[in-house]
Structures are given as structure tokens and as C-alpha cells.
Amino acid sequence: MDAQGGDRPIGVFDSGVGGLTVVRALMERLPLENIIYFGDTARVPYGVKSVATIGQFTGQIVDFLLRREVKMLIVACNTMAAVALKTVVQRAGNVPVLDVIEAGARASVAGANGTRIGVIGTPTTINSNAYARRIHALDPDARVYSQACPLFVPLVEEGWLDHPVTRLTAQEYLRPVLAEGIGSLVLGCTHYPLLKPLLRDVVGEKIQLIDSAETTAELAAAHLREMGQAAAGQAPAACRYFVTDVPLRFQTIGERFLGRSLGEIERVDW
Ligand code: DGL
């Protein structure tokens, strides 16, 4: 095992704070791993932007993380994974790339709840059809029912995790996919794991909710093991947070996603 290589950080990135749900899962699953998180808080949201713009922003973020010698890149943003994965892989060279869509797709076909799969995400993610393509590559017989839920991101950022407005919105968005008799629902956006308790109420007990943050952490653990690149250091490992802006309420929102205090946040000077 290459100890020095193994102690290099994992680079995790997102359009904003939402990707901290992936960092949270990584910290729980891989407590020895050093992490560098990048959130493009100055330009969030990506989910309503064009493919060309998202590609350009993604390239800048990847270059930033590669300069910091990360040993692995994790695309924590579903929207970037949906439309800019090629850019990430091309720039990454030998550095392995994992992404939340691959993780969510794998978990959905591995689930015991049948092949009728619902997917929810931002408009850009859903319009890209990326989830359906990745699910069909794994299981050509799967039936995928997708629904864009553009209001969920602002509702989560507002902290309305258990609010009547959010509940009504969820009922409205989910009605068409629930009518298809789905067995599982992929939460295809960084923000949606925070809505899990409310979504559980809305969809009922029988439908499996697939949280790609947890599956991504599992995939990362397996990958590092296979490559002989797992960290050998002492817990607790270090996590550095880089953002492009520190908006009002950033700390509160970030800590809600991370489930613990954030510590120092560094503003990127490109
Ligand atoms: N991170 C985005 C995603 O997972 C949600 C926020 C945004 O639209 O930028 O799709």
C-alpha cells in the first residue's frame, strides 16, 4: 500500500452546500479519510442552468481540486454528474472519479423492491435522462419514472423540512410517479436526503427511498480498498471546506447538511 498516496485527501464537490450530505456519509463510513470539500456557493443553483455553463464551472472546480493533489474525485452534485461527468473524467486523468448518479443507479437496481424505479431531481438532471441511462445500462428491464422537483432545493435551504408547504409540494410532485406503482424512489439531488422523513410520510412505508450519499460512501470505501489507497492515519481526519462565497446563513445551512459543526470555511480566490 502506498501510505503517502493513501493519506492524500478525497476531493468532494458540489454546486453549493448540498454536497455536505455526501461528506457526512463519508465521515461516518470512512472516518480516517482526509477530505477537501468544494462548494460553488457564489454560483448555486446549477440545477436550472444550461449544460454549457455547468460544464465550464465544473472544469474550474476539478482543476482546483487536482491542484490540491486529491487521490479521488467525488461528484456530489447530481446536476454536474448528469451533464458534466465527461469533463470531470477527461480532466482527472489517472485520478479515479465517483459520482452520485452511478451510486444511486446501482443502489436502485440492487434493491429488493422490483424494477419500477422513480427518480426525482433538479430540472437539468431530469431533462438529461442521465439516471434512466445509467439504470438501463445496469438493468435493461427496469422501468424508470422521472420527475423534476425544482421547488425542493429552495424549500430545503429555507429549512422547511417539515412544513405544510413542503408536504403539499411533495404530494403534488410525487403523484404521477406514485401512480406508476414504483417500488423505490431515488433521491437524485443533494438536498433531498434532508427531506427523507417527510418523503417517507408522503410515499408510505413500502417504497424504498434511495439516498445516493450513503451509497456513494460505500462505493468510495470499496474503491479505496481495491486500489490499496485507504488512509492509514489516525482519526479524526481533517476536512477542509472551500466555497466561492460565504452567504448569510451559510453556517446554519451547512451545519444542517453536515450534521455537525463546520469549523473553518475558506473562501476561494480563483
Ligand atoms: N447540487 C444540486 C444537485 O444535486 C442541487 C442544487 C443546485 O441546483 O445547484 O442536483
Side-chain angles (χ1 to χ4, degrees), residues 11-26 37-62 65 73-85 87-88 97-105 107-108 118-132 134 146-161 166 169-170 173 185-196 199 209-217 241-245 247 249-250 253-254 256-258:
V12 182
F13 60 101
D14 178 41
S15 54
V17 282
L20 291 173
T21 49
V22 174
V23 173
R24 178 183 190 158
L26 283 170
Y37 181 77
F38 188 106
D40 195 2
T41 44
R43 302 188 289 199
V44 69
Y46 279 23
V48 288
K49 290 191 169 66
S50 72
V51 172
T53 299
I54 296 166
Q56 187 203 337
F57 292 174
T58 305
Q60 292 169 344
I61 298 171
V62 169
L65 289 170
L73 282 165
I74 299 185
V75 191
C77 176
N78 290 260
T79 303
M80 281 194 255
V83 299
L85 192 63
T87 305
V88 181
V97 177
L98 299 187
D99 73 279
V100 281
I101 294 191
E102 181 65 22
S108 70
V119 178
I120 52 176
T122 64
T124 303
T125 297
I126 297 304
N127 289 339
S128 75
N129 236 3
Y131 266 104
R134 303 277 273 278
S146 306
Q147 176 66 48
C149 303
L151 293 174
F152 278 174
V153 167
L155 287 168
V156 170
E157 300 226 338
E158 192 57 37
W160 288 11
L161 305 182
T166 314
T169 308
Y173 280 147
L185 180 68
V186 180
L187 309 183
C189 172
T190 46
H191 287 54
Y192 302 174
L194 273 74
L195 293 175
K196 250 191 201 169
L199 292 173
L209 294 179
I210 294 175
D211 174 350
S212 37
E214 284 166 17
T215 323
T216 304
Y241 304 98
F242 289 95
V243 293
T244 45
D245 190 18
R249 297 197 311 134
F250 175 82
I253 299 171
R256 191 178 296 143
F257 280 97
L258 192 63

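As the structure lists them, so they are numbered: ligands from 1, and atoms in each ligand from 1.
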**Request:** Check whether any side-chain N or O of Lys49 sits under 3.5 Å from a backbone N or O of Arg43 as a donor-acceptor pair, and report yes or no.
**Result:** yes

**Message:** Can you see whether Thr87 engages Thr58 through a side-chain donor-acceptor pair at a distance of less than 3.5 angstrom?
**Reply:** no

**Item:** Aromatic ring pairing Tyr46/Phe57, orientation class (parallel under 30°, perpendicular over 60°, tilted between)
**Value:** tilted

**Prompt:** Looking at residues at least two apart in the chain, or sitting in another chain, which of them share a salt bridge (charged side-chain N to carboxylate O under 4.0 Å, His left out) with Arg134?
**Reply:** Asp99, Glu102

Could you go through ligand 1 and list every pair where one of its N or O atoms sits under 3.5 Å from a protein N or O, giving the atom names and the distance to one decimal?
unit_1: ligand 1; atom_1: 1 (N); unit_2: Asp14; atom_2: OD1; d: 2.8
unit_1: ligand 1; atom_1: 1 (N); unit_2: Ser15; atom_2: OG; d: 3.1
unit_1: ligand 1; atom_1: 1 (N); unit_2: Thr190; atom_2: OG1; d: 2.9
unit_1: ligand 1; atom_1: 4 (O); unit_2: Asn78; atom_2: N; d: 3.1
unit_1: ligand 1; atom_1: 4 (O); unit_2: Asn78; atom_2: ND2; d: 3.3
unit_1: ligand 1; atom_1: 4 (O); unit_2: Thr190; atom_2: N; d: 2.9
unit_1: ligand 1; atom_1: 4 (O); unit_2: Thr190; atom_2: OG1; d: 3.2
unit_1: ligand 1; atom_1: 8 (O); unit_2: Tyr46; atom_2: N; d: 3.4
unit_1: ligand 1; atom_1: 8 (O); unit_2: Gly47; atom_2: N; d: 2.8
unit_1: ligand 1; atom_1: 9 (O); unit_2: Ser15; atom_2: OG; d: 2.6
unit_1: ligand 1; atom_1: 9 (O); unit_2: Tyr46; atom_2: N; d: 2.7
unit_1: ligand 1; atom_1: 10 (O); unit_2: Thr79; atom_2: N; d: 3.2
unit_1: ligand 1; atom_1: 10 (O); unit_2: Thr79; atom_2: OG1; d: 2.6

**Prompt:** For residues Asp245 and Thr41, is any side-chain donor paired with an opposing acceptor at under 3.5 Å?
**Reply:** no

**Asked** Got a donor-acceptor contact below 3.5 angstrom from the Ser212 side chain to the Gly188 backbone?
**Response** no

